[in-house]
Structures are given as C-alpha cells and as structure tokens.
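Values below: all heavy atoms of this structure, side chains included; hydrogens, waters and symmetry mates excluded.
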Amino acid sequence: GVHFGLLKEALNANEEQKRYFVQKVAGVLWNLSNKTIGVLGLSFKPDTDDMRFAPSLDIIQALQEEGARVQVYDPQAMVKAKPALPGVRFCANAYAAAKGADALLLLTEWEEFGGLDFLRIRKSMRHPILFDGRNMLDSRQIKKDGFEYHGMGRRRQ
C-alpha cells in the first residue's frame, strides 16, 4: 500500500538529466555524427569499479546512436565496463582519452581528474570543449586554460 510516485519521479528526473546532457553536447557540436568524444570516468561513483546504474552507460550509448566515436578512461571500472560498451575505445589514461577529441566529458568525479594538466589536454584535442557532468572542476581555471567549459546544472560558468 505504499505509494512510490515520488520515487518514480526521481527516476524519471535522472533519466531526463542523461538525455539533456547528450542534447547539450550535440547542440554545442552541432551534431554528433563522426565526432570523437572523450569520456573521463565510467563508474557510478569515484573510488569504485561499480558500474551498476552508472549514467555513463546510457550517455555513451546515446552518443554512439547519434554517430559519435567514443574513447574512454576510468581508473578502476574499465574491465567491468567493457562488456557493456561495444564499439568504445578504452584508453590507457585520461590524456589518451582526450587525444583528437571534439569534446571531453567528465562523468565521474575521480580525484585524479582534478589534477590533470589541462593545458596538455587542450593541445591534444581537436576542439577544446569540456563538459563537466559533475561540476568538480574550477570553471574559471579551465577557461583560462583555453577551454569552452560547460558545467551541468550551474547557472553561471
């Protein structure tokens, strides 16, 4: 006899956020067909290889459905993620995931991502566009490093 309407609405909101994220990337890049997207972070949360309910799975699948090539890096979850992500290029580190990318998506807030050399990353990318899905990076510093920065859920960037 318990009403689960609120829980269902929360789940719907989470699904909508993933769709919105992909739409935002597509809008900035004009389209996703034949674009290379680098992804940092696959696991549901940092410091784990847990892929259960990881938003990255749905986001990457949606990117691929729109014609994007996806290359990824996660410090712990790549072995568990591989079976769920056919057609994805798994990279040895964050720099390799960013190389040649039209955009870089940060999907899990791993501590090591905060310490990356973003000047080095910018130089290796086709277009220095960064989508911070966790709002973990300092947007002012990332912009100083030459990126077009898009934080998710922030009013001012």
Side-chain angles (χ1 to χ4, degrees), residues 6-7 9-32 35-66 68 70-78 80-81 84-85 88 90-91 93-157:
L6 184 60
L7 178 60
E9 286 305 312
L11 292 172
N12 288 339
N14 288 342
E15 291 303 311
E16 183 57 35
Q17 281 297 104
K18 291 183 273 190
R19 285 189 291 273
Y20 174 72
F21 189 84
V22 173
Q23 288 172 353
K24 188 168 183 175
V25 174
V28 169
L29 295 177
W30 292 81
N31 68 66
L32 294 171
K35 297 290 182 4
T36 299
I37 308 297
V39 173
L40 300 180
L42 297 170
S43 61
F44 178 72
K45 61 183 182 177
D47 302 318
T48 180
D49 64 356
D50 191 353
M51 291 300 299
R52 293 173 297 162
F53 309 111
S56 63
L57 297 174
D58 294 327
I59 290 169
I60 291 169
Q61 181 180 4
L63 293 168
Q64 290 177 308
E65 287 172 359
E66 294 294 323
V70 181
Q71 49 198 43
V72 303
Y73 171 70
D74 186 283
Q76 291 184 22
M78 293 200 302
K80 285 191 175 179
L85 295 172
V88 169
F90 289 83
C91 299
N93 56 52
Y95 299 103
K99 187 174 182 179
D102 293 290
L104 186 62
L105 283 52
L106 191 148
L107 300 182
T108 309
E109 63 274 26
W110 285 93
E111 186 176 328
E112 77 176 68
F113 296 157
L116 293 172
D117 181 346
F118 283 96
L119 289 173
R120 175 181 169 191
I121 287 174
R122 179 183 50 84
K123 290 175 185 174
S124 75
M125 292 179 68
R126 188 172 306 148
H127 301 287
I129 303 170
L130 192 145
F131 293 86
D132 185 352
R134 306 308 301 170
N135 289 320
M136 77 168 279
L137 301 174
D138 179 345
S139 62
R140 289 174 295 223
Q141 184 60 52
I142 295 297
K143 288 176 181 179
K144 281 182 187 176
D145 289 343
F147 281 87
E148 179 180 328
Y149 176 88
H150 299 272
M152 298 305 291
R154 288 187 176 173
R155 287 187 185 170
R156 286 186 239 165
Q157 300 173 18

Handout entry: For the student: nearest non-hydrogen atoms of Ile121 and Phe147, plus distance
Key = CG2-CZ, 3.8 Å
Problem - Inter-residue atom distance Ile129.CD1 - Lys35.NZ, 0.5 Å rounding - result: 9.0 Å
Exercise for the section: Run the numbers on Met78 and Cys91 for side-chain contact (heavy atoms from CB on, under 4.5 Å), then give the verdict. Expected result: CA-CA 9 Å; Met78 293 200 302; Cys91 299; 5.9 Å; no
Handout entry: Nearest non-hydrogen partners of Phe113 and Pro75, listed with the distance
Key = CZ-CD, 4.0 Å
Handout entry: Over all atoms of both residues, closest heavy-atom pair of Gln71 and Ala97
Key = NE2-O, 2.9 Å
Practice task
Would you please classify the geometry between the Phe131 ring and the His150 ring as parallel, tilted or perpendicular, with 30° and 60° separating the classes?
Solution key: parallel
Handout entry: Closest heavy-atom pair and its distance - Glu109, Met136
Key = CA-SD, 3.4 Å
Completion exercise
d(His127 NE2, Thr36 OG1) to nearest 0.5 Å is 9.5 Å
Practice task
Verify, without hydrogens or angle tests, whether Ser43 (side chain) and Ala77 (backbone) share a donor-acceptor contact under 3.5 angstrom.
Solution key: no
Practice task
Determine, stepwise, if the pair Ile60 / Leu42 fulfils side-chain contact (heavy atoms from CB on, under 4.5 Å).
Solution key: CA-CA 9 Å; Ile60 291 169; Leu42 297 170; 3.6 Å; yes
Practice task
First locate atom CD1 of Ile59, then atom CG of Leu107, and finally report the distance between them rounded to the nearest 0.5 Å.
Solution key: 5.0 Å
Practice task
Starting at NZ of Lys80, measure out to CG of Asp49 and round the result to the nearest 0.5 Å.
Solution key: 3.5 Å
Exercise for the section: Determine, step by step, whether Phe118 and Ile142 satisfy the side-chain contact (heavy atoms from CB on, under 4.5 Å) criterion, reporting the C-alpha distance in whole Å, the side-chain angles of both residues, the deciding distance to 0.1 Å, and the verdict. Expected result: CA-CA 7 Å; Phe118 283 96; Ile142 295 297; 3.7 Å; yes
Exercise for the section: Look up atom CG in Asp102 and atom CG in Leu29, then write down how far apart they are to the nearest 0.5 Å. Expected result: 6.0 Å
Handout entry: Nearest non-hydrogen partners of Val70 and Gln64, listed with the distance
Key = CG2-CG, 4.0 Å
Fill in the blank from the handout: Taken to the nearest 0.5 Å, the spacing of Tyr95 OH from Lys123 NZ works out to 12.0 Å
Exercise for the section: Check whether any side-chain heavy atom of Val39 sits under 4.5 Å from a side-chain heavy atom of Val88, and report yes or no. Expected result: no
Handout entry: Closest approach of Ala98 to Met125 (non-hydrogen atoms, all atoms of both residues)
Key = O-CG, 3.3 Å
